[in-house]
Structures are given as structure tokens and as C-alpha cells.
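One-based numbering along the sequence shown.
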Amino acid sequence: MQKLFTRMSINKIASFYPFVLSIIIAVFSILVGISLGSVTIPFSTVIDVFLGKFGIMQKPVDDTVINIIMEIRFPRVLLAFIVGGALAAAGAAFQGLLRNPLADPYTLGVSSGASLGAVTVLFFNITIPFFGILTLPLVSVITACLTLLAVISFTKMVEKNLAVHTIILTGIIFSSFLGALISLIIALSGEELRQIINWLLGSVSMRGWDFVKMILPFYIAGLLLLLANARELNAFAFGEEAAKHMGINVNRRKMTILIAASLLTGASVAVSGTIGFVGLVIPHITRLIWGPKHERLLPLAILNGGSFLVITDLLARTIIEPKELPVGVITSVIGAPIFALIFYSRSKRK
């Protein structure tokens with residue numbers, strides 16, 4: 001009896017260990033992201049500022065330092081964490097639903113749709129009354145959702161049961177077409193060219209609390225929908241027929257997961273531009289280390305994706321200081337070799 005109790009205790013600890021480790025890494029990455037920069041701020045000062053905001057501890061901290069932390073670095077780091085988590089969760093969902101380890105948040109062309117909306121705003125210098133700076137992310141989210149609607153509608157015209165391979169092919173078609181339109185706008189652009197290119201390369205620079213507030217509702221809604229369908233994602237891993245035999249309404253659940261993942265992708269692209277490989281590599285590595293069950297995979301991917309983007313953004317703004325690189329370049333430089341290594345090791349094991 002004692003052995004059984006001990007074994008159960010070990011199993012409980014083992015089940016919580018990945019979450020504890022990922023949370024520790026996430027907190028550490030956020031502290032490092034806030035602390036390091038053109039002006040280095042000690043960890044203790046960062047913690048004092050946060051404790052002071054909650055009224056737990058009042059230690060005298062210079063107003064300039066408080067402003068740097070709360071108005072410049074914290075919103076940027078928080079936005080990077082949210083975007084990284086959103087892309088990683090969307091990638092995990094797409095890989096599980098489409099049963100394809102190469103699937104990522106850009107599979108359905110949603111990223112291209114969001115990018116087209118943003119590029120159009122920058123090219124024509126569009127400003128929607130009462131929204132101001134939020135015009136760009138708002139239009140990006142709208143065009144991302146319209147792209148998803150178009151992909152699903154065309155897929156239904158081709159095949160009513162929304163087969164996975166048809167969705168992928170339709171997404172590729174729309175992504176290629178929208179990419180061509182973006183290239184056309186770039187070719188026609190003049191003074192706007194630099195701004196458009198910088199946005200397409202991906203960045204969370206100069207994004208304040210307004211952008212955090214903009215993405216937060218989409219982020220929460222998308223994550224809740226995906227987490228609510230974690231068991232269904234497990235069933236889809238065995239194929240759609242197997243999921244039907246388990247009593248799952250395949251088309252409804254598939255649509256819900258697609259909408260949730262696309263919502264996360266569109267909102268992320270809207271506030272940060274195109275940031276590659278986060279949604280491809282992070283879910284893949286998390287699945288290899290901690291297993292394929294989505295009840296565990298999704299929360300861990302959110303934490304690890306957020307931590308990864310915070311650290312890569314830190315590298316982007318400090319590696320050639322005072323100049324700043326687009327974070328999308330850093331994620332691609334790091335992500336591509338890692339994924340190539342994973343792909344090579346998997347092929348050798350077969």
C-alpha cells in the first residue's frame with residue numbers, strides 16, 4: 001500500500017514537473033527581457049517596481065526607471081510573450097488537426113491575409129476614424145478572418161466534408177495568391193517601401209499597451225476554444241474516421257479549431273508582422289519532449305512559445321545595439337537549423 005501511494009505521488013510530481021519548469025523559464029525570460037537593454041536594470045529593482053504597483057512593498061525607485069519598465073519594456077515583453085504563445089498554440093493545433101508535423105499557423109493562408117491587410121493600410125496610409133494607430137491591427141484581423149472564410153468556403157465547394165488534404169491545398173492556393181498581391185504592392189510602393197518591409201520582417205518594437213489590449217481579447221478567446229477542444233485534437237490524431245466512431249462531430253469541431261487557431265494567427269500577425277518558425281518549431285519540440293497529449297501540449301506550447309519569442313526579441317534589440325534587428329529574422333535564423341536537425345534525426349530513425 002505504501003509503495004502504491006509512493007508511486008502515485010511520484011506520478012503526480014512527474015505530471016506537474018513540465019508545467020513548473022516551463023513557468024520558471026517563462027518568468028525568468030520575462031525578467032531578463034525587462035532587465036536587459038540599453039540601460040540595464042537589476043532584477044531586484046524590476047521586482048520592487050512590480051510589488052510597488054500591487055501595493056505589496058513600497059521601495060523608492062527613480063521615476064525614470066519606473067517609466068522605462070512600465071511604459072517601454074514591460075508592454076513590449078508582454079506582447080512578445082503573448083504573440084509567441086499564440087503562434088505556438090496555433091501551430092500545435094494545426095499540426096494535431098492536420099496530422100502533419102510540417103503544418104504551422106501559416107498553412108491556411110491566414111497569415112498572408114493578415115499581412116495583405118496591413119500592407120494595404122501602410123501603402124494607402126489608411127486611418128479609420130476613432131481607431132487611429134489601431135487601424136493597422138484591426139484591418140489585419142478582419143482580413144485574416146475573411147481569408148479563413150474564403151478558404152473554408154472554397155474547400156466546401158470542392159469537398160463538402162472538409163477533408164484535411166483539401167484544406168491544406170486550398171490554403172496553399174490562397175497563400176500564393178495573396179503573397180503575389182503583397183509583392184505587387186511592394187513593387188508599386190515608393191516612400192512606404194521601408195515601412196512595409198520592416199513590418200513584414202516581424203517586430204514588436206514600439207508597440208505599447210494599446211497593442212497589448214488589441215490582441216488580448218482574440219488571444220483569450222482563441223486559447224479558450226483550443227483548450228476546450230484538446231481531447232478532440234487527441235482524437236483527430238487517429239484520423240477523422242476514428243474521431244467519428246468516438247462520437248465527435250468532426251466538421252463542427254474541425255471548424256471550431258480552425259477558427260480558434262486562425263484567430264490567434266491573425267491577431268498575432270496584426271500586431272507584430274510575420275514571425276516565422278515559432279508556430280512550427282516550438283510545438284514540435286514540446287511534443288517530442290513531453291508527449292502528444294494536447295491537454296498538456298497546448299499549455300506547454302503557450303509557455304515555451306512565449307519564452308522563446310521574449311528571448312529572441314531580446315537578442316534582436318541587443319545583439320548589434322544601438323541598432324535593432326527584426327525579431328522575425330532572429331526566429332528564422334534560430335528556428336530553421338533547429339527544425340532541419342529535428343527533421344534529419346527523425347529521418348535517420350526510420
Side-chain angles (χ1 to χ4, degrees), residues 38 72 75-76 79-80 83-84 86-87 104-129 131-147 150 171-208 210-212 214-215 262 265-280 309 312-336:
S38 56
I72 300 173
R76 176 173 181 159
L79 185 64
V83 169
L87 292 174
D104 75 343
Y106 306 119
T107 300
L108 297 184
V110 176
S111 172
S112 298
S115 298
L116 179 61
V119 168
T120 303
V121 169
L122 294 173
F123 181 73
F124 291 105
N125 197 23
I126 299 169
T127 302
I128 299 174
F131 286 96
I133 194 174
L134 296 180
T135 297
L136 191 147
L138 181 65
V139 172
S140 295
V141 170
I142 291 170
T143 51
C145 293
L146 289 174
T147 303
I172 292 169
I173 292 167
F174 273 80
S175 184
S176 300
F177 176 71
L178 295 171
L181 292 179
I182 292 170
S183 298
L184 176 62
I185 292 174
I186 290 172
L188 294 173
S189 61
E191 295 179 359
E192 310 90 356
L193 179 61
R194 184 177 180 83
Q195 189 181 7
I196 290 172
I197 295 298
N198 285 341
W199 189 89
L200 287 173
L201 289 173
S203 176
V204 289
S205 176
M206 303 302 290
R207 268 69 158 179
D210 285 340
F211 283 84
V212 175
M214 178 68 195
I215 192 177
S262 297
T265 304
S268 298
V269 172
V271 297
S272 66
T274 51
I275 298 175
F277 284 97
V278 179
L280 184 65
L309 196 59
T312 50
D313 179 55
L314 176 63
L315 289 173
R317 59 186 164 91
T318 58
I319 198 168
I320 57 168
E321 197 176 13
K323 289 186 177 180
E324 186 172 315
L325 292 171
V327 68
V329 172
I330 303 295
T331 58
S332 296
V333 167
I334 295 173

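Panel note: side chain Ser272, backbone Gly202; no donor-acceptor pair is recorded below 3.5 Å. In this structure, Ser175 contributes its side chain and Ile172 its backbone to no donor-acceptor pair below 3.5 Å. Side-chain atoms of Thr135 come within 3.5 Å of backbone N or O of Ile128 as a donor-acceptor pair.
At a threshold of 4.5 Å between non-hydrogen side-chain atoms, the residues Leu138 and Val121 do not count as touching.
When all heavy atoms of Gly84 and Leu309 are compared, the pair lying nearest together is N-CD2, 3.4 Å. Leu200 approaches Ser115 most closely through the heavy-atom pair CD2-CB, 4.1 Å. Among all heavy-atom pairs drawn from Leu178 and Gly109, the shortest one is CD1-O, 3.9 Å. Closest non-hydrogen pair, Pro137 versus Val271, comes out as CB-CG1, 4.1 Å. When all heavy atoms of Gly113 and Thr147 are compared, the closest pair comes out as CA-OG1, 3.2 Å. When all heavy atoms of Ser262 and Val110 are compared, the pair lying nearest together is OG-CG2, 3.4 Å.
Sorted by first and then second residue, the pairs that involve residues 196-207 and meet side-chain hydrogen bond (donor to acceptor under 3.5 Å, both in side chains), not counting sequence neighbours, are Ser205-Glu324.
In this structure, CZ in Phe124 is found 6.5 Å from CD1 in Ile185, a value given to the nearest 0.5 Å. The CG atom of Leu108 sits 8.5 Å away from atom OG1 of Thr265, with the distance rounded to the nearest 0.5 Å. In this structure, Ile182 CD1 and Ser112 OG are separated by 5.5 Å, a value rounded to the nearest 0.5 Å. Between Leu184 atom CG and Leu188 atom CG the span is 4.5 Å, to the nearest 0.5 Å. The distance from the CG atom of Leu314 to the CZ atom of Arg76 is 9.0 Å, given to the nearest 0.5 Å. We find the OG1-CG distance between Thr312 and Leu325 to be 11.5 Å, quoted to the nearest 0.5 Å.
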Criterion side-chain contact (heavy atoms from CB on, under 4.5 Å) on Ile275 and Leu87, from CA distance to verdict:
CA-CA 9 Å; Ile275 298 175; Leu87 292 174; 4.3 Å; yes

Evaluate the side-chain contact (heavy atoms from CB on, under 4.5 Å) criterion for residues Leu79 and Asp313: first the C-alpha distance (whole Å), next the side-chain angles of each, then the deciding distance (0.1 Å), finally the verdict.
CA-CA 11 Å; Leu79 185 64; Asp313 179 55; over 6 Å; no

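The residue from Val119, Leu122, Thr120, Val141 that alone fulfils the side chain to side chain contact (heavy atoms under 4.5 Å, CB included) condition with Leu136 is Leu122.
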